[in-house]
Amino acid sequence: MAELFSYSIPNLIQGISQQPDAQRDPSQGETQINGVSSVSEGLRKREPSQSLAKISTTDLGDVYIHPILRDSDEKYLAVVSKTAIRVFDLVGTEYTVTAATGAYSYLGSVVSAKSDIRAATIADYTFISNVKTLPQMDATLLAPTTARPAAHEALVWIKAANYGQKYKVTLNGTTVEVTTATAAVIVAGSVVTEVKISAADIAENIRTGLASVSGVTITRVGSVLHFTSSSAMTIAASDARANADITAITGSVQAFTELPTIAPQGYQIEITGDPGNKWDGYFVEFRVRAGAGTFGEGAWVETVAPGAEYRINASTMPHVLVRLPSGSFHFGPLNGSTVSGITLRKWGDRRCGDYATAPDPSFIGKPIQDIFVFRNRLGLLADEAVVLSRPGEFFEFFPETVTTTLDSDPIDITASGTRVSVLRYAVPYQDQLVLFSDQTQFRLSSGDYALTTSTATVTLLTQYEIDTRCRPVQVGGTIVFAQSNGDWTKFREFTLKGSGTSIAADAQDLTRQVSAYIPGGIFQITADDVSGSWYAISDKAGYTDRIYLHKYFFRNQGNGAERIQNSWSHWQLGGADKVLQILAVEEVLYSVALYGTEVW
């Protein structure tokens, strides 16, 4: 006769386990459907679902669905396909979406919406990125807008008026010499003569002496002469003191101090610096002060090298979905256009330097994999690079100056390791940024210092493969990510402990007891930190009507935290063919599901 055993089961809060009976915890079961494991209430039925609205009478097709959680009052779902965008609030009301001319061309190369489209909501803008469209510079716009100096244009600057000096200018073979008196006071017998000289007078004498040169127009302001011609001209200037007091300027000088404070508006000069250092040179353009006309006093400001592409092609960059004052939405590129009274921002131009001193951001020519905000900088992931804007200026990816390095410069840094590390996702975590590639995890941080180009570092943390279709999600004080395990999915919980150089990373397996329970094809995770739970859905055939639920609870916090709940189960939506989207907000789980040909 079989012997009977009895023992007490304190609760059923640990969900299911696929382990043998002898190894299974007494608080685990074999199957749990439509239940909730609660540390305070035990095992109970989940709350009933409630139909809010039918949003479509046909299958939505190949779409990417993105939640827009702007604030406590404005919460939406954006349904993005390659040809249209639809927006619904959380009770199913649809909002009108207008699009700029040609805006959907940006999404035209999408092959699979879930794989190729990325989205991120930052303040008023929801950025929508297509990884199949490569950002480019605008090759039709080359600096400068108006070429200066012109082909036949030059300046001569009388830098100083000195006694006993000889100033000489040769223009198209005609030479004029101006010789100053030997001293300010000349004594001849009993006659004492005071002689005054000025740079402006010397310049005027040179202008007068060269006025007869055919085909050349000479204009003077102060001690600066401006030469223009409709044909080629040759010009040279010298003095008796190794050109200390006069200089002729065409397109370049070696030092900034060789430039006058008077020049024509828009005149551009290259400061060559050290000829052996290609990063030492830069370009400046003259801006005449207000009221000084087109040739007068002003200042030199940095500008872009002639012939350089200076503008990012907005049609190849991530587009934005913006809510308008009318309540409708607009989709289009960030090109500075005005829509219903709202002026869209635009991607910042290269305003100084050349391709060496102010290079293109690393995302040019590479697919943008993710968009995020970190330390008040807009960030983009492209290939192995992390590119961060200037702080507080989310659309500026070029430096303000190339003459020095500023703490506010954009940050463009590469994550490298022994494996190919194409960065897929960035998750801000504590005071650092965790980067996920297909097989590797990195950390971007600046230690105990402000985040700048000189303090930013990317270090290798761990080497776990991830399922790139599913974005890692911050859950409480951890980051949860998915791994493809053949026909099944494994979830890991990524944590960082320590600080500075003694930081340690780990990714604990949350699915040890359910290794063949969660199907492959997981494409979304949503977390509800209030209730200590998170949810996942799959598009694998046979599992598309399920929502997988993980419940967790920690006793204590910080280094003394102890996990007392790691519960897995799933909910099944009766009659649903496919769960398309889930979103947890304030302990309410919203879902978008396909029932036959209708979407609810």
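This one's a predicted model, so the numbers in the text were calculated from it and none came from an experiment.
Checked by atom type and distance alone, the side chain of S389 pairs as donor or acceptor with a backbone atom of L378 at under 3.5 Å. R546 places no side-chain N or O within donor-acceptor distance of the main-chain N or O of A536, the cut-off being under 3.5 Å. Proximity of a side-chain donor or acceptor of R350 to a complementary backbone N or O of A358 within less than 3.5 Å is detected. Looking at Y543, its side chain never comes within 3.5 Å of a backbone N or O of G521 through a donor-acceptor pair. In this structure a side-chain-to-backbone donor-acceptor pair under 3.5 Å is missing from Q136 to I364. A donor-acceptor pair under 3.5 Å is absent between the side-chain atoms of N485 and the main chain of W488, judged by distance alone. Side chain of Q524 to backbone of I582: a donor-acceptor contact under 3.5 angstrom is found.
Salt-bridge check for R471 with D370: passed, with a basic side-chain N closer than 4.0 Å to an acidic carboxylate O. At a threshold of 4.0 Å, the pair R70-D124 counts as salt-bridged, since one of the basic side-chain nitrogens sits closer than that to a carboxylate oxygen. With respect to the salt-bridge test (charged N to carboxylate O, under 4.0 angstrom), the residues D539 and R469 qualify. Between D438 and R424 there is a salt bridge, since a side-chain N of the basic residue sits under 4.0 Å from a carboxylate O of the acidic one. Remark: E302 does not engage R351 in a salt bridge, criterion side-chain N to carboxylate O under 4.0 Å. Salt bridge absent: D116 and K82 never bring a charged side-chain N and a carboxylate O closer than 4.0 Å. Salt bridge present: R287 and E285 bring a charged side-chain N and a carboxylate O closer than 4.0 Å. A salt bridge does not link E465 with K490: none of the charged nitrogens is closer than 4.0 Å to a carboxylate oxygen.
Here the two rings, on F436 and F481, have centers that are under 6.0 Å apart. Taking the six-membered ring for Trp, H570 and Y517 have ring centres closer than 6.0 Å. Residues Y310 and F398 place their aromatic rings such that the two centres sit no closer than 6.0 Å. Close placement of the Y95 and Y76 rings is indicated, their centers lying within 6.0 Å of each other. If you look at F491 and H550, their ring centroids are not closer than 6.0 Å.
Around atom OH of Y355, more than 12 heavy atoms belonging to other residues, nucleotides or ligands sit under 6.0 Å away. By the neighbour-count criterion of 12 heavy atoms within 6.0 Å, atom NZ of K132 is sparsely surrounded, having that number or fewer from other residues, nucleotides or ligands. Residue K578 places its NZ atom among 12 or fewer non-hydrogen atoms of other residues, nucleotides or ligands, all under 6.0 Å distant. By the neighbour-count criterion of 12 heavy atoms within 6.0 Å, atom CG of D407 is sparsely surrounded, having that number or fewer from other residues, nucleotides or ligands.
Side-chain atoms of E400 and S408 form a donor-acceptor pair, as typed in the model, at a separation below 3.5 Å. Judged by distance alone, the side chains of R492 and Q508 never bring a donor and an acceptor atom under 3.5 Å apart. Side chains of N566 and Y552: no donor on one and acceptor on the other come within 3.5 Å. Using modelled atom types, one finds no donor on one side chain facing an acceptor on the other under 3.5 Å when comparing S328 with T96. A side-chain N or O of T338 and one of T343 form a donor-acceptor pair less than 3.5 Å apart. Side-chain atoms of T457 and R443 include no donor-acceptor pair closer than 3.5 Å. Side-chain N/O atoms of T121 and H66 include a donor and acceptor closer than 3.5 Å. T414 and S416 form no side-chain donor-acceptor contact under 3.5 Å, judged by distance and modelled atom types alone. For the residue pair Q441 / T462, a side-chain donor-acceptor distance below 3.5 Å is found, with atom types taken as modelled. In this structure, a donor-acceptor pair under 3.5 Å is absent between the side chains of D409 and T453.
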Problem - CA sep, side-chain torsions, deciding dist, call: N130, S109, side chain to side chain donor-acceptor pair (under 3.5 Å) - result: CA-CA 8 Å; N130 173 15; S109 58; 2.8 Å; yes
Handout entry: Full working for ring pair (Phe, Tyr, Trp, His ring centres under 6.0 Å) between Y104 and F331
Key = CA-CA 9 Å; Y104 288 114; F331 175 66; 5.3 Å; yes
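The shortest side-chain heavy-atom distance between V473 and T526 does not fall under the 4.5 Å cut-off. N376 has its side chain out of reach of V373: every pair of non-hydrogen atoms, C-beta onward, lies at least 4.5 Å apart. Under the 4.5 Å side-chain criterion, counting only non-hydrogen atoms from C-beta, F397 is in contact with L380.
Among V304, V301, D354, the one residue that satisfies the side-chain contact (heavy atoms from CB on, under 4.5 Å) test with F283 is D354.
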